Amino acid sequence: MTLRVSIGQYYSATSPIHSLDARVKLIATIVYMVSCFFVSSLPTLGLAAVAVFAAVLCARVPLGRLLAQIRPIVLFLVITSVINLFFVQTGSAIVNLGPITIHTGGIEAAILYTVRFFLLLVGGSLLMLTTQPMALTDAAEKLLSPLERLGAPVSQVTLILSIALRFVPTLSQEAHNIIAAQTARGARLEQKGAIAYARACVPLLVPLFASALRHAEHLGRAMDARCYTGGTGRTHYHVLRINPRHDGIFIAALVLYLVLLAALTIMG
């Protein structure tokens, strides 16, 4: 049994995307992901693809590392593609095999919705790979700080988010160690099929859950020993600063992308 978890793992590199302010990257990623839902034609799909892969090239992230984060969602993409292929009954029929009929509209929907959701995932994965978890949570805290005036526990929520992102690689390594230990004791974890795979995961859940509780207890004690209180007034070791020149170029590129997307949508 192999367990690959890459979510929350930062890829260290020197690139224009890595050096952007985390708040700019977070807002730009959200804007791009929302814009993917407005992609409804081949020209807009091509524009969205060019935009995100241009960012990937600027980030200097290996394509294999990027696709590793999307691998767990591949099955979902395949299922949505098949559903659109067989259940969208618009356009002319090109394949007719008894009860199975494939129309041109089904092919277009399968390609359009699958590719645009894939691009959406690429944009989100690029954000995680090029932004350290602490910087990401600091950016979210800064952007959501006005909600604290309404009584929202923004600091506590972002702290939970930061801890969750930090614990993903740790628990992944713990799972690998547990798998190795169970295999050494004679456990048969290399099973094929969904049911057999689920049964093979059962011996891993209890020790992994116990390990997560142990890490949480140690972290809580460490925070208490350092008199951590959080909340209003807490300072940050790394202060977020927007570079008007560097970040401004990226913002201008984002605005240009949105203008072109709107123009192509209106023209199409």
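This structure is a prediction, so every number in the text was calculated from the model and none was measured.
Two residues are said to be in side-chain contact when any heavy atoms from C-beta on lie closer than 4.5 Å; Phe76 and Thr80 meet this criterion. Counting heavy atoms from C-beta outward, His246 and Asp21 have side chains that stay 4.5 Å or more apart. Within the 4.5 Å cutoff, no side-chain heavy atoms of Ile251 are placed close to those of Ile27.
Across every non-hydrogen atom of Cys58 and Pro16, the tightest pair is O-CD, 3.2 Å. Residues Ser35 and Leu261 approach most closely at CB-CD2, 3.6 Å, considering heavy atoms. A pairwise comparison of heavy atoms in Val39 and Ala48 identifies CG2-CB, 4.1 Å as the closest pair.
At least one donor-acceptor pair under 3.5 Å links the side chain of His18 to the backbone N or O of Tyr11. Thr29 contributes a side-chain N or O that, together with a main-chain N or O of Lys25, makes up a donor-acceptor pair within less than 3.5 Å. At least one donor-acceptor pair under 3.5 Å links the side chain of Arg226 to the backbone N or O of Ala222. A side-chain donor-acceptor contact under 3.5 Å links Ser145 to the backbone of Lys142. Put simply, the side chain of Ser15 gets close to the backbone of Ala59: a donor and an acceptor are under 3.5 Å apart. Tyr32 places no side-chain N or O within 3.5 Å of a backbone atom of Leu254 that could act as its donor or acceptor partner.
The structure places CG of Asp138 at 11.0 Å from CG of Leu143, a figure rounded to the nearest 0.5 Å. To the nearest 0.5 Å, atoms CZ (Arg60) and CD1 (Ile17) are separated by 10.0 Å. Note: Leu260 CG to Thr265 OG1 = 10.5 Å, rounded to the nearest 0.5 Å. For the atom pair Arg65 CZ and Leu67 CG, the distance stands at 12.0 Å (nearest 0.5 Å). Considering CD1 of Ile107 and OG of Ser81, their distance stands at 10.0 Å, rounded to 0.5 Å.
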Go through Leu119 and Leu45 one step at a time and tell me if the side chain to side chain contact (heavy atoms under 4.5 Å, CB included) criterion holds.
CA-CA 9 Å; Leu119 296 177; Leu45 186 65; 4.1 Å; yes
Run the numbers on Phe38 and Thr44 for side chain to side chain contact (heavy atoms under 4.5 Å, CB included), then give the verdict.
CA-CA 8 Å; Phe38 293 92; Thr44 54; over 6 Å; no
Check against side chain to side chain contact (heavy atoms under 4.5 Å, CB included), Leu42 and Ile111:
CA-CA 10 Å; Leu42 186 59; Ile111 296 174; over 6 Å; no
Take Val31 and Tyr257 through the test side chain to side chain contact (heavy atoms under 4.5 Å, CB included) and record every step on the way to the result.
CA-CA 11 Å; Val31 170; Tyr257 161 74; 6.0 Å; no
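Leu121 and Val78 fall within a single hydrophobic cluster, where Ile, Leu, Val, Met, Phe, Trp and Tyr are joined by side-chain heavy atoms under 4.5 Å apart, directly or via other members. Placement of Leu213 and Met223 in two distinct hydrophobic clusters is found when ILVMFWY residues are connected by side-chain heavy-atom separations under 4.5 Å, directly or transitively. In this structure, Leu20 is not a member of the same hydrophobic cluster as Val52, with clusters built from ILVMFWY side-chain heavy atoms closer than 4.5 Å. A continuous path of ILVMFWY side-chain contacts below 4.5 Å connects Phe118 to Leu63, so both sit in one hydrophobic cluster. If you chain together hydrophobic residues whose side chains sit under 4.5 Å apart, Val206 and Leu208 never meet in one group.
Among residues at least two apart or in separate chains, there is no side chain to side chain donor-acceptor pair (under 3.5 Å) pair with a member in residues 110-124.
Checked against side chain to side chain contact (heavy atoms under 4.5 Å, CB included), Leu120 has the following partners two or more places apart in sequence or in another chain: Met33, Cys36, Phe37.
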